[in-house]
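Written out below as structure tokens is the structure these notes cover.
Throughout, a chain's letter reflects where its sequence line sits, starting with A, and its residues are numbered from 1. Values reported hereafter were calculated over all heavy atoms of this structure, with side chains retained and with hydrogens, waters and symmetry mates removed.
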There are 2 protein chains.
Amino acid sequence: MKIGELARETGCTVETIRYYEKVGLLPKAMRSQENNYRFYNQKHLDLLLFIRRCRTLAMTHEEIQQLLQAREEPDNSCVSINELIAEHLEHVRARIEELQALESQLEILGNECHSVHAARDCGILKKLDEADNSDWQIPKTSNSHVEGSRCHHKKS
Amino acid sequence: MKIGELARETGCTVETIRYYEKVGLLPKAMRSQENNYRFYNQKHLDLLLFIRRCRTLAMTHEEIQQLLQAREEPDNSCVSINELIAEHLEHVRARIEELQALESQLEILGNECHSVHAARDCGILKKLDEADNSDWQIPKTSNSHVEGSRCHHKKS
DNA sequence: TAAACACCCTGAAGTCACTTTAGGGTCAAC
DNA sequence: GTTGACCCTAAAGTGACTTCAGGGTGTTTA
């Protein structure tokens with residue numbers, strides 16, 4: 001099948017499919033001789049579905065590569081797979097906690113302004129402007145890579 | 001004060017301060033004549049603290065610009081401020097819900113593998129590879145811009 | 001036959017909010 | 001003079017796409 005069909009089958013865009021091929025996440029497609037169009041078989045469809053499912057789980061490309069590698073080595077132990085999923089789950093949980101703290105802060109901030117008046121009297125602006133920094137501890141961020149994290153995995 | 005001092009006062013990096021000046025979020029600093037170093041006064045310190053507090057609340061630069069604008073117009077109504085904070089809070093809540101759904105999915109997936117064995121028998125891989133797509137509805141994503149969202153504000 | 005439309009291709013740049021790299025100057029202390 | 005901390009600029013990198021720019025292919029219709 002051609003790329004448009006693959007895109008529709010997997011709920012993905014053709015641009016993303018080309019991107020995945022470019023970054024090596026998806027193997028290169030066969031090409032037609034007359035017009036160089038990409039052609040995909042069942043294996044590519046399976047792989048792309050796998051990748052998209054991992055993406056819906058907010059896994060990074062690196063994590064996905066690791067799972068794909070494990071999939072290609074069926075005799076190896078599945079310990080690393082279990083660990084990867086468990087660690088990813090911890091990242092997600094950490095991010096949830098961060099956002100819940102943020103939610104609380106925003107609720108408190110929103111309550112600083114009780115009615116509509118001039119901006120000069122707005123409790124929200126006053127709070128954001130206050131000299132006292134004690135209510136504004138910079139939150140200690142997690143190492144979660146899950147989107148929204150303030151820390152990316154180091155590549156060193 | 002010089003940029004390093006401002007950075008330490010605000011828990012920010014010099015690179016980020018320069019970046020904020022470049023993108024126009026922070027007004028340009030005065031410069032010394034002999035070596036072109038940036039010099040900052042109390043107003044800059046106040047502004048940067050305001051900006052950093054907004055960033056800890058995961059507000060976008062655009063949102064921060066809006067609040068800074070409101071701050072410069074003290075006679076205007078604070079309705080827009082209230083609305084901005086409320087909308088942002090809704091985005092954060094939406095993102096929390098998305099992540100909680102993701103957490104559930106990961107828990108379920110993790111439970112597909114009950115003990116360590118060969119990758120070929122791993123329930124996690126099987127689940128990610130299954131032909132049946134019904135457990136893999138692509139989640140309907142929110143329009144939340146809060147980091148981790150899959151949708152950015154359109155600029156059109 | 002030309003136009004319209006849907007689909008395909010490539011490379012490059014843009015998105016967001018920083019962060020790092022590359023290369024160079026300034027200042028103070030030893 | 002050397003060393004180390006600090007300052008400067010421009011540009012590229014980060015991650016995962018997404019859009020832009022420019023062009024080709026195939027089918028249908030007037």
Side-chain angles (χ1 to χ4, degrees), chain A residues 1-8 10-26 28-40 48 51-52 54-65 91 138 141 144-156, chain B residues 1-8 10-26 28-40 48 51-52 54-65 91 95 138 141 143-156:
Chain A
M1 72 183 108
K2 281 185 293 184
I3 193 169
E5 204 176 330
L6 182 65
R8 284 185 291 275
T10 55
C12 191
T13 65
V14 297
E15 292 86 13
T16 300
I17 295 171
R18 289 199 200 104
Y19 169 69
Y20 287 159
E21 176 178 305
K22 181 177 178 182
V23 300
L25 200 56
L26 194 65
K28 287 190 189 301
M30 289 150 294
R31 297 296 184 106
S32 72
Q33 284 207 355
E34 57 266 68
N35 57 22
N36 203 33
Y37 283 13
R38 293 173 172 79
F39 277 87
Y40 297 97
L48 187 56
I51 290 163
R52 296 307 294 172
C54 293
R55 287 299 301 137
T56 65
L57 297 173
M59 289 183 202
T60 64
H61 283 191
E62 188 177 328
E63 283 169 334
I64 296 169
Q65 287 279 27
H91 285 152
I138 303 296
T141 56
S144 171
H145 71 265
V146 176
E147 293 176 345
S149 166
R150 294 205 171 88
C151 173
H152 291 281
H153 285 300
K154 306 304 182 200
K155 295 259 181 162
S156 58
Chain B
M1 73 183 107
K2 283 184 293 186
I3 193 169
E5 203 175 330
L6 181 66
R8 283 185 290 275
T10 55
C12 190
T13 65
V14 297
E15 292 86 14
T16 300
I17 295 170
R18 288 198 200 103
Y19 169 71
Y20 286 159
E21 176 178 303
K22 182 178 177 181
V23 300
L25 200 56
L26 195 63
K28 286 190 188 303
M30 288 150 295
R31 297 297 187 105
S32 73
Q33 284 207 355
E34 59 268 67
N35 56 24
N36 203 34
Y37 283 13
R38 291 173 175 80
F39 278 87
Y40 296 97
L48 187 56
I51 289 161
R52 296 307 294 170
C54 294
R55 285 299 301 139
T56 66
L57 298 173
M59 289 184 204
T60 63
H61 284 193
E62 188 178 327
E63 284 170 329
I64 296 169
Q65 288 279 25
H91 285 152
R95 183 59 184 149
I138 305 293
T141 55
N143 287 320
S144 171
H145 71 268
V146 176
E147 293 177 343
S149 165
R150 296 203 169 89
C151 173
H152 290 281
H153 285 302
K154 307 302 183 200
K155 295 261 181 158
S156 57

task: Kindly indicate, with the supporting measurements, whether the criterion side chain to side chain contact (heavy atoms under 4.5 Å, CB included) is fulfilled by Ile17(A) and Tyr40(A).
output: CA-CA 11 Å; Ile17(A) 295 171; Tyr40(A) 297 97; 3.5 Å; yes
Grab the two heavy atoms, one from [X] and one from [Y], that are nearest each other, plus how far apart they are.
X	Y	answer
Thr16(A)	Thr13(A)	OG1-OG1, 2.7 Å
Gly24(B)	Gln65(B)	O-NE2, 3.5 Å
Val14(B)	Gly4(B)	CG1-CA, 3.9 Å
Leu26(A)	Leu48(A)	CD1-N, 4.1 Å

In whole angstrom, give the distance that lies between atom [atom1] of [X] and atom [atom2] of [N].
X	N	atom1	atom2	value
Leu26(B)	dC18(C)	CG	P	12 Å
Glu62(B)	dT15(C)	CD	C1'	13 Å
Glu5(A)	dA6(C)	CD	P	18 Å
Lys2(B)	dC8(D)	NZ	P	9 Å
Glu15(B)	dC18(C)	CD	P	12 Å
Leu25(A)	dG15(D)	CG	P	13 Å

task: Could I get the full list of ring-ring contact (aromatic ring centres under 6.0 Å, His included) partners for Tyr37(B), not counting sequence neighbours?
output: none
query: Can you name the ring-ring contact (aromatic ring centres under 6.0 Å, His included) partners of Tyr19(A), sequence neighbours left out?
result: His61(A)
query: Taking DNA chain C as the partner, which of residues 16-24 of chain A come within under 4.0 angstrom of it by heavy atom?
result: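 Per residue number, the list reads Arg18(A).
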message: Tell me which residues in residues 29-40 of chain A lie within less than 4.0 Å of DNA chain C, going by non-hydrogen atoms.
response: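 When residues 29-40 of chain A is checked for heavy atoms under 4.0 Å from DNA chain C, the hits, listed by number, are Arg31(A), Asn36(A), Tyr37(A), Arg38(A).
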task: Give, for atom CE of Met59(B) and atom NE2 of His91(B), the distance between the pair rounded to the nearest 0.5 Å.
output: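 Between Met59(B) CE and His91(B) NE2, I get 12.5 Å after rounding to 0.5 Å.
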field: Straight-line distance of Leu25(A) CG to Ile51(A) CD1, nearest 0.5 Å
entry: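 If I round to the nearest 0.5 Å, the distance is 4.0 Å.
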Derivation of the side chain to side chain contact (heavy atoms under 4.5 Å, CB included) call for Met1(A) and Phe39(A): CA-CA 5 Å; Met1(A) 72 183 108; Phe39(A) 277 87; over 6 Å; no
statement: Students should find that the end-to-end axis angle of the helix from dT1(C)-dA30(D) to dC30(C)-dG1(D), with five pairs defining each axis and rounding to 10 degrees, is 40°
- request: Only counting residues at least two apart or in another chain, list the ones meeting side chain to side chain contact (heavy atoms under 4.5 Å, CB included) with Arg31(B).
  value: Glu21(B), Asn36(B), Arg38(B)
Nearest listed nucleotide, side chain of Arg55(B), among dT18(D), dC18(C), dT19(C): dC18(C)
